[in-house]
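Working notes for the structure below.
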Amino acid sequence: KYLNDIERIPGVQYVNKAIDTTSSIRTMFVYKDDICKNDRDFSGMSCFEEYVIGSNKNLVDAVDVLTTTYDALMLECQVKRIDLLKIDTE
């Protein structure tokens, strides 16, 4: 969802998948858009575990996302060697 807003840099590959132990589809819990509008600190925050407690449960949505492993990502992008790997984690 946020990938389209990222400025493109020549020579950089952008892949909209979550890194996991398998390549599959998993449920990810993300903060709702109206929460992110009011507080940008929540933008892009997500987790595979349902990390909310009762009173906060209405603040997140469950979204199915594609996952991949590092090895599968390297094959998909035809990468033989990584000089620098930037990972955006919350």
Side-chain angles (χ1 to χ4, degrees):
K1 160 174 168 174
Y2 299 104
L3 187 63
N4 293 334
D5 296 334
I6 297 175
E7 179 183 345
R8 297 298 194 247
I9 299 170
V12 175
Q13 295 183 45
Y14 299 85
V15 179
N16 194 16
K17 294 181 181 177
I19 296 295
D20 197 13
T21 56
T22 61
S23 295
S24 63
I25 296 174
R26 284 191 63 188
T27 300
M28 185 172 274
F29 298 91
V30 298
Y31 280 95
K32 294 182 178 193
D33 288 340
D34 58 330
I35 301 298
C36 296
K37 269 186 198 171
N38 293 329
D39 189 341
R40 299 242 341 127
D41 286 341
F42 291 103
S43 294
M45 289 180 67
S46 57
C47 184
F48 284 131
E49 300 298 322
E50 192 170 4
Y51 57 92
V52 295
I53 54 175
S55 61
N56 293 339
K57 201 169 188 104
N58 64 334
L59 303 178
V60 297
D61 287 324
V63 179
D64 288 338
V65 297
L66 293 174
T67 65
T68 190
T69 64
Y70 284 112
D71 290 338
L73 183 63
M74 300 248 324
L75 287 171
E76 177 184 339
C77 295
Q78 300 176 350
V79 175
K80 292 181 177 37
R81 187 182 117 191
I82 296 176
D83 294 320
L84 172 69
L85 177 62
K86 181 179 178 181
I87 301 174
D88 181 13
T89 61
E90 309 303 334

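Applying the side chain to side chain donor-acceptor pair (under 3.5 Å) test to Arg81 and every residue at least two apart in sequence or in another chain returns Asp83. Evaluation of the side chain to side chain donor-acceptor pair (under 3.5 Å) rule for Asn38 yields no partner, not counting sequence neighbours. Residues passing the side chain to side chain donor-acceptor pair (under 3.5 Å) test with Thr27, sequence neighbours excluded: Asp64. Annotation: side-chain contact (heavy atoms from CB on, under 4.5 Å) contacts of Thr22 (sequence neighbours excluded): Asp20, Ser24.
Between Lys32 and Asp61, the closest heavy-atom pair is CE-OD1, 3.1 Å. Contact between Ser23 and Thr69 at its shortest, heavy atoms only, is OG-N, 3.6 Å. The minimum heavy-atom distance linking Phe48 with Phe29 is given by the pair O-CE1, 3.5 Å. What you find for Tyr14 and Ile6 is that their closest heavy atoms are CE2-CG2, 3.7 Å.
With side-chain heavy atoms closer than 4.5 Å counting as contact, directly or through intermediates, the hydrophobic cluster containing Ile25 also holds Leu66.
Annotation: the span from Met28 atom CE to Glu49 atom CD amounts to 10.5 Å, rounded to 0.5 Å.
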Could you go through residues 70-78 and list every donor-acceptor pair under 3.5 Å that involves a side-chain atom there, pairing it with any protein atom two or more places apart or in another chain?
{"residue": "Glu76", "atom": "OE1", "partner": "Lys17", "partner atom": "NZ", "Å": "2.8"}

